[in-house]
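Written out below as structure tokens is the structure these notes cover.
These figures come from a predicted structure and were not determined experimentally.
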Amino acid sequence: MADFLSMLDSQRSYLQARRALAASEGRLGTRYVMVDKAIGNAQISEGGETK
């Protein structure tokens, strides 16, 4: 029983770390877009228009 509880605790810790990583990656992407906009970078579409 103790081994099973240890395994469940390890899985919980792993999933918490994965959730934190996903949240951090989301914030990083958002900030990257904000910096890109701030320095004036804009994507150019095939027709030559900015998005």
Side-chain angles (χ1 to χ4, degrees):
M1 186 67 165
D3 288 337
F4 183 66
L5 291 176
S6 177
M7 183 199 66
L8 288 177
D9 189 42
S10 296
Q11 284 181 340
R12 180 181 51 81
S13 296
Y14 170 74
L15 292 174
Q16 285 175 338
R18 294 264 320 236
R19 188 179 317 123
L21 175 63
S24 294
E25 288 175 339
R27 286 189 304 271
L28 179 64
T30 300
R31 290 184 176 131
Y32 178 76
V33 169
M34 290 171 62
V35 168
D36 236 18
K37 284 182 177 182
I39 62 174
N41 288 342
Q43 292 182 351
I44 307 296
S45 66
E46 290 181 17
E49 300 170 352
T50 58
K51 291 182 181 179

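- Taking CG of D3 as the start and CG of L8 as the end, the distance is 11.0 Å to the nearest 0.5 Å.
- R27 and S24 are linked by a side-chain donor-acceptor pair at a separation below 3.5 angstrom, with hydrogens and angles left out of the test.
- The CD atom of Q11 lies 10.5 Å from the OG atom of S6; values are rounded to the nearest 0.5 Å.
- Here CZ of R31 is found 7.5 Å from CE of M34. Values are rounded to the nearest 0.5 Å.
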